Amino acid sequence: MRFYVTTPIYYVNDKPHLGHAYTTIAADILARHHRQRGEETFFLTGVDEHATKVWRVAESQGLGAQEYVDQISDAWRSLPPRLNAETDFFIRTSDEGHKAFVREFLQRIYDNGDVYEDVYAGLYCVGCEAFKTEDELVDGKCPLHSTEPEWIEEKNYFFRLSAYQDKLLELYAERPDFVQPPFRFNEVKSFVSGGLRDFSISRAGQPWGIPLPWDEGQVAYVWADALVNYLSALTFARPGEDLREAFWPEVRHLMAQDILRFHCIYWPAMLLSAGYSVPKQIFIHGYLLLDDLKISKSLGNAVDPLELIDTYGADALRFWCARAVSFGQDGSASVSGIADRYERELGNDLGNLLSRTTAMIARYRDGAIPGGPAAGSELEGLIADVHTNVLRDLDGFDITGAVDRIWTLVRHLNRYVTEQAPWTLAKDESKAAELDQVLYDLADGLRVSAIALWAYLPETAPKILEALGQPVAFDWELVEYGRLEPTTSVAAAPPLFPRFEVSAA
RNA sequence: GGCGGCGUAGCUCAGCUGGUUAGAGCGUCGGACUCAUAACCCGAAGGUCGGUGGUUCGAGCCCACCCGCCGCUACCA
């Protein structure tokens, strides 16, 4: 089995905000999970650096476009590591390997007869980087930027998307899970059923971009450039290797709904034209609605994920992203929710569980875990549920449901402590075997929780295993009751998620 | 306008192909415990499941209509 997951390539002229972090975190959770299963996994993210605005901003600062994007790409490149996202490659559209591949890719489409030349004309707002129709304007100006759009009329090359309507509909019919969740797929199908218009794949008179192989005077325009990254990266991410053989078309694209159409319609059509297989799956996640408002730069409610990491840590942010909103749907979330999750769930449920468990093992058994697995325990059943059903959840991109399932185990363990009352057992020598059993089950349940949560909490999970004197390994087959390694060195663990001082809260 | 979705406890949401007293988390109130990061555990209060009318032995779940939100309805990264 192989697993290839992508985020969109982010537009360098943005600042990284929570929405970007959200997609990247989700992709990393999936990637880590599939690595746990022993699958060969590839996780790609990166930046889109070619755009008119980039060039204009660079010029206004007296910089060359390449020089400019070299500077601002760093902010983006550092985002995944800050999130603890383990990417396999970070692509930039100005990478030579990408540029060469795009030219070859577009040439194939061209050779296939799907490209023609036509005149593109319209009112163009530079701020929006979009053409506007008359009825979108207010007093002849762009309502967002209050500037008059420019009338642009130029020769462009067009991709014959209209010729792919039937092929796309066939594809959708053959692949009922091609686009997830289903209601997004419906949007795609109804859109395509309504007929497709060709779209332009080039811009004239632009010095910044990838020149078309058959007309060096024009550069590839957005989708003809950006989308191709998912394929191009495989050709040069590892020098000397062509990863296409392994990972294409085993790809899952993750993104928000704003770019759904381009991924579900344009991209498959271009791939078919160029003679490639289409992606395995496309998953559209929802927006985190902060105070019921979509996160957006223009609304001014953008949240800097790095500030949240500075306060709560990457694990808490990842956990919150996975838990706060059912993945795939829009949902209201509030930044204060991170503080709640941190304290209630990570601190009180999970962190405190480790504290009390290790403290009791140290106190009652001098750091040793003398018990062993007991057949037919309730714990065994819960762990079996996690073992099999988390896989199923995550195969369906349900990162929220999966972590909820794991949390059921964590909650069970806390309840188990109270029910068994080890402090009472400890007072009665004749109950020593019982106490051993309880401590064993707690330690083993915690061990399993840590392994299952590793994809979500890559920083915390190793700490739990270390505190329990367990090898730091996360293979999914270890999510099984009774695989606790004997140990004699458990000491009371320091808090995993310390409370904040009142003044800091 | 067309297509799709949503409206369930104070809040955020689960409720599979219709079937005994409608669930979870948080919040509130009460209790219990002491291993632990004053954490954890138990219990209670709290819902005419948007409205109306149908189908059915029986509907939160099916149908019709209505009300209120939201998404998509083309070239924006």
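What you see is a predicted model; the values in this text were computed from it and never measured. Proteins get letters first, then strands, A, B, ... in listed order; numbering begins at 1 in each.
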Rounded to whole Å, the CD-P distance (A/Glu154 to B/C75) equals 16 Å
Comparing nearest nucleotides in RNA chain B, the 5'-proximal residue of the pair A/Asn348, A/Leu196 is A/Asn348
Ranking B/U37, B/A36, B/U34 by distance to the side chain of A/Arg363, first place goes to B/A36
Distance col, row A/Leu409:CG vs A/Leu382:CG, nearest 0.5 angstrom, shows 6.0 Å
(message) I'd like the P distance from B/A14 over to B/A9, given in whole Å.
(response) 12 Å
Where RNA chain B forms runs of at least three Watson-Crick or G-U pairs (i with j, i+1 with j-1, under 3.5 Å), the stems are B:1-7 with B:67-73, B:10-13 with B:23-26, B:28-31 with B:41-44, B:50-54 with B:62-66
Salt bridge check, A/Arg405 against A/Asp393: does any charged N sit closer than 4.0 Å to a carboxylate O?
yes
Using a 4.0 Å heavy-atom cut-off across all strands, classify A/Gly401 as base, sugar-phosphate, or nothing. nothing
Sorted by chain and residue number, the ring pair (Phe, Tyr, Trp, His ring centres under 6.0 Å) partners of A/Phe283 (sequence neighbours excluded) come out as A/Phe327, A/Phe397
When rounded to whole Å, the CD to C1' distance for the pair A/Glu419 and B/G43 reads 15 Å
P gap between B/G47 and B/G10, integer Å | 7 Å
In short, A/Val188 meets A/Cys264 closest at the heavy-atom pair CG2-CB, 3.7 Å
So what does A/Val222 hit on the nucleic acid, given a heavy-atom distance under 4.0 Å: a base, only sugar-phosphate, or nothing?
-> sugar-phosphate
OP1 or OP2 of B/U37 under 4.0 Å from side-chain N/O of A/Tyr342: no
side-chain contact (heavy atoms from CB on, under 4.5 Å) filter on A/Asp366, not counting sequence neighbours, yields none
Quick check against the 3.5 Å criterion: does A/Ser73 have a side-chain atom that pairs as donor or acceptor with the backbone of A/Asp70? no
Separation of B/C40 atom C1' from A/Asn352 atom CG, nearest Å, is 6 Å
Value for CG (A/Leu44) from OG1 (A/Thr87), rounded to nearest 0.5 Å, stands at 8.5 Å
>> Taking B/C29 as the reference, what is the distance to B/G7 when you measure between their P atoms (whole Å, please)?
In response: 30 Å
Margin query: Going by centres under 5.5 angstrom and planes under 30 degrees, do the aromatic ring of A/Phe199 and the base ring of B/C75 stack?
Written below: no
note: A/Arg356, atom CZ; B/C41, atom P; distance rounded to Å ~ 7 Å
Residue pairs meeting side-chain hydrogen bond (donor to acceptor under 3.5 Å, both in side chains), one or both in residues 413-425 of chain A, sequence neighbours left out, come to A/Arg356-A/Asn414, A/Tyr416-A/Asp441
A/Tyr440 atom OH is separated from B/C35 atom C1', nearest whole Å, by 21 Å
### Task
Run the numbers on A/His98 and A/Thr93 for side-chain hydrogen bond (donor to acceptor under 3.5 Å, both in side chains), then give the verdict.
CA-CA 6 Å; A/His98 175 73; A/Thr93 52; 5.3 Å; no
Sorted by chain and number, sequence neighbours left out, ring pair (Phe, Tyr, Trp, His ring centres under 6.0 Å) with A/Tyr157 holds for A/Trp214
Taken to the nearest 0.5 Å, the spacing of A/Leu468 CG from A/Arg447 CZ works out to 9.5 Å
Determine the Euclidean distance between corresponding P atoms of B/U56 and B/A74; express it in Å to zero decimal places. 44 Å
Smallest heavy-atom separation, A/Tyr68 atom then A/Val57 atom, equals OH-CG1, 3.2 Å
Same-atom distance (C1') from B/A24 to B/G15, integer angstrom:
10 Å
Here the distance between atom P of B/A39 and atom CG of A/Leu446, to the nearest Å, is 20 Å
Find out whether the Lys NZ or Arg CZ of A/Arg203 is both under 6.0 angstrom from the six-membered ring centre of A/Tyr221 and within 45° of the ring's axis.
yes
Result for 5'-nearest mapping on RNA chain B, choosing between A/Ile259 and A/Tyr416, is A/Tyr416
What pairs of nitrogen or oxygen atoms, one from the protein and one from nucleotides 69-72 of chain B, lie under 3.5 Å apart?
residue: B/G71; atom: O3'; partner: A/Gln257; partner atom: OE1; Å: 3.3
residue: B/G71; atom: O2'; partner: A/Arg184; partner atom: NH1; Å: 3.1
residue: B/G71; atom: O2'; partner: A/Glu187; partner atom: OE2; Å: 3.3
residue: B/C72; atom: OP1; partner: A/Gln257; partner atom: OE1; Å: 3.3

Which of A/Phe105, A/Tyr164, A/Tyr110, A/Tyr116 passes ring pair (Phe, Tyr, Trp, His ring centres under 6.0 Å) with A/Phe159? Answer is A/Tyr164
* To do: Provide the distance between the two P atoms, one in B/G31 and one in B/G68, to the nearest whole Å.
  => 47 Å
Rounded to whole Å, the CG-P distance (A/Leu354 to B/A39) equals 18 Å
Just the table, please: protein N/O against nucleotides 25-27 of chain B N/O, every pair under 3.5 Å.
residue: B/G27; atom: OP1; partner: A/Arg344; partner atom: NE; Å: 3.4
residue: B/G27; atom: OP1; partner: A/Arg344; partner atom: NH2; Å: 3.2

The ring pair (Phe, Tyr, Trp, His ring centres under 6.0 Å) partners of A/Tyr10 (sequence neighbours excluded) come to A/His20, A/Trp76
P gap between B/U28 and B/A22, integer Å: 26 Å
Whole-Å distance, A/Asn13 CG to B/C76 P, equals 16 Å
Anything under 3.5 Å between a protein N or O and an N or O of nucleotides 14-17 of chain B, put it in a table, one pair a line.
residue: B/A14; atom: OP1; partner: A/Gln329; partner atom: OE1; Å: 3.2

Separation between CD (A/Gln218) and CD1 (A/Ile210), nearest 0.5 Å, reads 14.0 Å
Per the under-4.0 Å heavy-atom filter, residues of residues 65-80 of chain A near RNA chain B come out as none
Sequence neighbours excluded, the answer for ring pair (Phe, Tyr, Trp, His ring centres under 6.0 Å) partners of A/Phe185 is A/Tyr172
One should read off an interatomic distance between A/Asp315 CG and A/Tyr342 OH, to the nearest 0.5 angstrom, of 10.5 Å
Practice problem: Please say whether more than 12 non-hydrogen atoms of neighbouring residues, nucleotides or ligands are located less than 6.0 Å from NZ in A/Lys155. | Solution: no
Winner on side-chain proximity to A/Leu161, out of B/C35, B/A74, B/C40, is B/A74
What one should report as the nearest heavy-atom pair of A/Pro8 and A/Thr45 is O-OG1, 4.1 Å
Rounded distance in Å between the P positions of B/G27 and B/A39
10 Å
Under a 4.0 Å heavy-atom cutoff, the residues of residues 487-498 of chain A touching RNA chain B are A/Pro495, A/Leu496, A/Phe497
- prompt: Reckon A/Arg415 touches a base, only the sugar-phosphate, or nothing at all at heavy-atom distances under 4.0 Å?
  reply: sugar-phosphate
